[in-house]
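Step one of this worksheet: look at the structure below.
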Protein chains: 2
Amino acid sequence: MSLVIIGSVAFDAIETPFGKTDKIVGGAATYASISASYLFDNIKIVGVIGEDFGKENLNKITSKGIDIEGLQMKEGEKSFFWSGKYHNDMNSRDTLVTELNVLADFNPLIPDSYQDCQYLLLGNLTPQVQLQTLERFKKKPKLVVLDTMNFWMDIALDDLLSVLKKVDVLTINDEEARQLSGEYSLVKAANKILTMGPKYLIIKKGEHGALLFGEDQIFSAPALPLADVFDPTGAGDTFAGGFIGYLAKVGSITFNNMKNAVVFGSALASFCVEKFGTERIEDLSEEDISKRINSFVSLSQFNIKR
Amino acid sequence: MSLVIIGSVAFDAIETPFGKTDKIVGGAATYASISASYLFDNIKIVGVIGEDFGKENLNKITSKGIDIEGLQMKEGEKSFFWSGKYHNDMNSRDTLVTELNVLADFNPLIPDSYQDCQYLLLGNLTPQVQLQTLERFKKKPKLVVLDTMNFWMDIALDDLLSVLKKVDVLTINDEEARQLSGEYSLVKAANKILTMGPKYLIIKKGEHGALLFGEDQIFSAPALPLADVFDPTGAGDTFAGGFIGYLAKVGSITFNNMKNAVVFGSALASFCVEKFGTERIEDLSEEDISKRINSFVSLSQFNIKR
């Protein structure tokens with residue numbers, strides 16, 4: 001029984017008010033699989049890299065015991081590259097460069113050894129590729145989580161709506177929920193999106209935490225209040241990886257487990273933003289994570305005796 | 001032992017995307033005292049009204065058993081009047097009319113019978129009047145909570161800083177916390193504001209809930225996700241009333257009790273926004289409140305077994 005994660009494995013160059021980086025390792029599948037690896041140990045990724053990616057960079061993933069049989073390497077080609085600059089409030093950013101490179105004609109291949117997949121994370125990518133991936137599993141996984149973004153709503157809405165019909169959980173941010181539903185109120189937005197296919201919806205609100213909707217219930221998870229958000233890149237992917245990693249670990253899909261999964265996703269994302277790129281999530285100890293979960297408990301749990 | 005609340009008792013005319021009202025009863029002390037009355041039963045208010053306020057309107061307050069000996073009535077004068085229009089997102093509003101009337105030269109008088117005050121809420125008013133009120137208590141109350149707004153930071157910052165030195169808890173919204181501290185990060189803003197006098201700070205974030213800072217701890221309370229916010233007027237006052245009402249009831253100032261007080265304040269504020277003005281909070285039953293508290297529990301409580 002495995003957790004399969006599809007998404008980009010790529011290079012980023014990031015500028016924030018705290019500094020800037022050269023090309024560093026990024027990509028949705030990179031963040032999500034590293035994050036999930038702290039919770040579950042049979043993780044396999046699907047993706048594509050160029051010859052430029054390099055063994056040392058790949059080691060950030062393989063050193064976590066993550067299976068890369070489904071990660072194609074295209075000789076003579078270059079990896080996907082994104083460069084962006086965050087504004088002072090860290091809630092908005094400008095894309096400076098997008099070079100699709102190997103992603104331009106990405107054909108996701110699912111190795112036979114991946115067919116034991118029970119938990120599938122369709123990380124942020126073209127909805128068409130997300131759908132292809134899903135259809136290439138002979139048996140529908142027990143839980144399919146889809147992450148996407150406003151960009152695909154702008155240019156590939158029909159494809160996105162097609163894949164949405166086949167997933168169990170959708171994770172998007174508040175502005176994306178408003179865009180997808182045409183509703184300003186997040187409650188109305190959620191009600192509408194839950195008629196589009198997913199049984200559960202997670203709305204990520206950055207510094208304001210996350211909302212989980214499903215089974216006629218709502219869960220509101222806080223974000224850890226931080227003095228500085230150093231670099232938000234990958235926080236959403238890290239959240240998604242922690243979320244599905246927790247569910248794969250406990251192996252049972254109940255609303256209470258979903259709640260806990262949101263807390264683990266939030267905790268891992270709270271590390272991610274503390275340094276540039278994947279740096280902060282590369283070497284977390286069990287104690288780091290346990291302490292961070294305790295912070296979320298004291299941050300949000302109360303006890304009213306009546 | 002009593003809870004004393006000072007603030008405006010006034011008329012409002014409100015326009016929201018859902019409709020508009022004629023002159024209806026409003027005012028910080030009105031909302032806060034009605035809200036607190038569901039939790040504590042020895043409440044006294046300090047304020048001033050004009051001859052136009054009328055007995056029927058006063059009945060909204062007195063019917064809750066609230067003592068109005070400290071509420072001056074100025075014959076031949078008119079009550080404070082505010083009129084405003086909310087924008088579509090409900091997070092911003094334009095003030096259309098402000099008629100100070102009796103508030104222009106308000107001299108707060110504290111009846112002898114109020115000197116048993118142990119819990120004091122200095123509702124949103126001129127900081128100078130808030131300070132005068134506090135100084136007219138012969139014995140410093142056990143807990144002083146101050147509510148204020150950006151308007152006073154703009155025109156009476158020195159007075160505000162003076163009264164801040166003498167209070168235990170400050171409640172403001174996120175934009176006001178940023179304005180008062182000059183810091184964008186709410187964690188940095190809170191750290192700075194906690195050097196200005198208050199031992200505790202509550203930052204109200206509207207639909208994103210509230211943050212409580214103090215004793216080197218942080219508590220994050222959710223807001224109840226609502227399909228429609230009908231009218232946000234008075235929600236902050238209702239929050240403050242529920243907050244201090246709960247603390248007066250339990251009679252002990254610990255961080256855990258403060259957390260619960262924030263939840264009760266949030267629950268009462270969640271009713272307030274469901275209808276225009278004070279309408280929704282005028283006749284709540286114990287069951288209404290108990291059910292709403294249960295909603296906050298299921299909304300935000302989780303149980304991670306390790």
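In what follows, chains carry the letters A, B, and so on, assigned in the order in which the sequence lines appear, proteins first and then strands, with residues in each chain numbered from 1. Note that the structure is predicted; figures quoted are calculated from it, not measured.
- When the heavy atoms of residues 240-248 of chain B are compared with those of chain A, none of the residues falls under 4.5 Å.
- Within a 6.0 Å radius of CG in B:Asp216, other residues, nucleotides and ligands contribute 12 heavy atoms or fewer.
- Residues B:Ile304 and A:Phe296 are not in side-chain contact: their nearest non-hydrogen atoms beyond the backbone lie 4.5 Å or more apart.
- Looking at A:Leu299, the atoms closer than 4.5 Å to chain B (heavy atoms on both sides) sit in the backbone and in the side chain alike.
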* Test A:Val187 against B:Leu226 for side-chain contact (heavy atoms from CB on, under 4.5 Å), laying out the working first. => CA-CA 6 Å; A:Val187 173; B:Leu226 297 169; 5.5 Å; no
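- Remark: B:Asn173 CG is packed, more than 12 non-hydrogen atoms of other residues, nucleotides or ligands lying under 6.0 Å away.
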* Residue pair B:Val297, A:Phe302: steps toward the side-chain contact (heavy atoms from CB on, under 4.5 Å) verdict -> CA-CA 8 Å; B:Val297 169; A:Phe302 55 85; 3.8 Å; yes
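- Within the 4.5 angstrom heavy-atom criterion, no atom of A:Leu224 approaches chain B.
- Using a distance-only test at 3.5 Å, with no hydrogens or angles considered, no donor-acceptor pair links the side chain of A:Lys259 to the main chain of B:Ser300.
- With chain A as partner, the option from B:Ser295, B:Pro225, B:Ser220, B:Pro222 having the largest number of non-hydrogen pairs under 4.5 angstrom is B:Ser220.
- At a threshold of 4.5 Å between non-hydrogen side-chain atoms, the residues A:Asn256 and B:Asn303 do not count as touching.
- Here the side chains of B:Lys188 and A:Asp228 are in contact, with some heavy-atom distance below 4.5 Å.
- Under the 3.5 Å distance criterion, the side-chain polar atoms of A:Lys205 are left unmatched by any main-chain donor or acceptor of B:His208.
- For chain A, no part of B:Ala221 is nearby; none of its heavy atoms comes within less than 4.5 Å.
- Neither the backbone nor the side chain of A:Asn191 comes within contact range of chain B; no heavy atoms are under 4.5 Å apart.
- For A:Glu207, the parts lying near chain B are the backbone and the side chain together; criterion is any non-hydrogen pair under 4.5 Å.
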